[in-house]
There are 2 protein chains.
Amino acid sequence: MQVTRAGEYGVLGLLHLARRGAGQVVMIDEVSREERIPKSFLAKIFQSLARAGLVRSNRGIGGGFALAKEPAEITTLDVIEAIEGPIAFQRCLEAPTECPHTGGCPLCGLFEQAQTQVRDVFSRTTLADLMKSRVPAAAPATSLKPRAPTPARAAV
Amino acid sequence: MQVTRAGEYGVLGLLHLARRGAGQVVMIDEVSREERIPKSFLAKIFQSLARAGLVRSNRGIGGGFALAKEPAEITTLDVIEAIEGPIAFQRCLEAPTECPHTGGCPLCGLFEQAQTQVRDVFSRTTLADLMKSRVPAAAPATSLKPRAPTPARAAV
DNA sequence: TTCAAACAGGACCAAATCGGTCCTGAATCG
DNA sequence: CGATTCAGGACCGATTTGGTCCTGTTTGAA
Ligand code: SF4
Ligand code: SF4
């Protein structure tokens, strides 16, 4: 039950591109250095992102990566699923499965519900939202404002 | 991003106890057979459940497991966390971490939000709810009614 | 035209996690 | 006592995670 490092690094990386401004071409090397992400690993991650069309790559001298869309058009769900594949809480929710309980299993519905919730959260938060929510450097970073604000009770 | 088999089997197993009626002592062997769960594996899972106080175990002839509380008092979150440990979407959300981004990371807030959502879904659904939602044997098992009904838009 | 910069892609790898199995031991009942 | 049932730990193979590295290919500039 975790977002993998790859997924997290992907969002962090794209966020870096977004902060550098629209259409700016930035090298893997800079993103890696500034965001403290292993370069080779980040390179692989950006490959997925490029294949998913979230980012455009240019080779050669002055090459690098640039966002393919507006930051407000890229949701964290796009990013995470481009890297990790579709979010699925259980095998029955991602492919027609041969699970022995499939007929009338009460759990499917529950897992589907949970899954929908997290996809919702991720799909309504864009890179632009994350940029805005960037807190200075201290204070609990707990106050994130997605486009459609949810109650989100404080204590878990 | 999946609930493990162990977690799933745990809920399924307890659900079986719940269906057998209050206080009923049932052997691992029966649960395993009826729910199609590998016996040795299920035994390990029930050990966690017993340690967490969700279930009481009795050894010897006529021994087995019985729910330690009412089905309506046991949430799926209890069960899953008893088995898998606390649900945490990222390392920063489960322990004071040495993540280089910790100061003012915009992602923490997002992950926390997603995590809260799934804990909410799981914590408001009890074994009793799951029993009620058991569909006959066909029809999409998508209609689960938790205690506090959520809008839950149909298409994802 | 050549060369160095920069990404593309695949092979590879260690470590952790998952999904179990198995064996010994202790409790309990008859 | 002895059969039964759980407790707990050791172990195991497969998969996933989190990377590294090496060989291209593309591109711009000298
Ligand atoms: S047990 Fe139920 S929830 Fe789990 S995979 Fe099978 S059908 Fe889906
Ligand atoms: S990068 Fe941010 S979200 Fe991820 S672990 Fe570090 S602080 Fe938490």
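In what follows, chains are A, B, ... by sequence order, proteins preceding strands, each numbered from 1.
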Checklist entry - What is the distance, rounded to the nearest whole Å, between atom CD1 of Ile83(A) and atom P of dT17(D)? => result 13 Å
Checklist entry - Nucleotide by nucleotide, 5' to 3', does protein get under 4.0 Å of the base (B), only the sugar-phosphate (S), or neither (-) in nucleotides 3-18 of chain C, counting heavy atoms? => result --BBBBBB-------S
Item to check | Between dT4(D) (P) and Glu30(B) (CD): distance, integer Å | outcome: 17 Å
Checklist outcome for this item: Between CZ of Arg91(B) and P of dT17(D) the distance, given in whole Å, is 15 Å
Item to check | Qualifying residues under salt bridge (Lys or Arg N to Asp or Glu O under 4.0 Å), relative to Glu73(A), sequence neighbours excluded | outcome: none
Checklist entry - Could you state the CD-P distance from Gln2(A) to dT17(D), rounded to the nearest angstrom? => result 11 Å
Item to check | Pairwise ring pair (Phe, Tyr, Trp, His ring centres under 6.0 Å) hits with a residue in residues 12-33 of chain A, at least two apart | outcome: none
Next on the checklist: Measure CD1/Ile37(A) against P/dT17(D) and give the value in whole Å, please.
Outcome noted: 18 Å
Next on the checklist: Measure CG/Leu17(B) against P/dC6(D) and give the value in whole Å, please.
Outcome noted: 11 Å
Item to check | Stretch residues 8-16 of chain B: residues that reach within less than 4.0 Å of DNA chain D through a heavy atom | outcome: none
Checklist entry - Minimum heavy-atom separation for Leu15(A) to Leu127(A), with atom names? => result CD1-O, 3.6 Å
Checklist outcome for this item: For Glu34(B), the salt bridge (Lys or Arg N to Asp or Glu O under 4.0 Å) test, sequence neighbours excluded, returns none
Checklist entry - What is the distance from CZ of Arg56(B) to C1' of dT5(D), rounded to the nearest Å? => result 17 Å
Checklist entry - side chain to side chain donor-acceptor pair (under 3.5 Å): which pairs involve residues 3-14 of chain A, sequence neighbours left out? => result Thr4(A)-Glu84(A), Glu8(A)-Gln90(B), Glu8(A)-Arg91(B)
Next on the checklist: Taking ring pair (Phe, Tyr, Trp, His ring centres under 6.0 Å) as the cut-off, I'd like each qualifying pair that reaches into residues 43-88 of chain A, sequence neighbours left out, listed once.
Outcome noted: Phe46(A)-Phe65(A)
Item to check | salt bridge (Lys or Arg N to Asp or Glu O under 4.0 Å) contacts touching residues 38-56 of chain B (sequence neighbours left out) | outcome: Asp29(B)-Lys39(B)
Checklist entry - Excluding sequence neighbours, so at least two apart, what forms salt bridge (Lys or Arg N to Asp or Glu O under 4.0 Å) with Glu35(B)? => result Arg19(B)
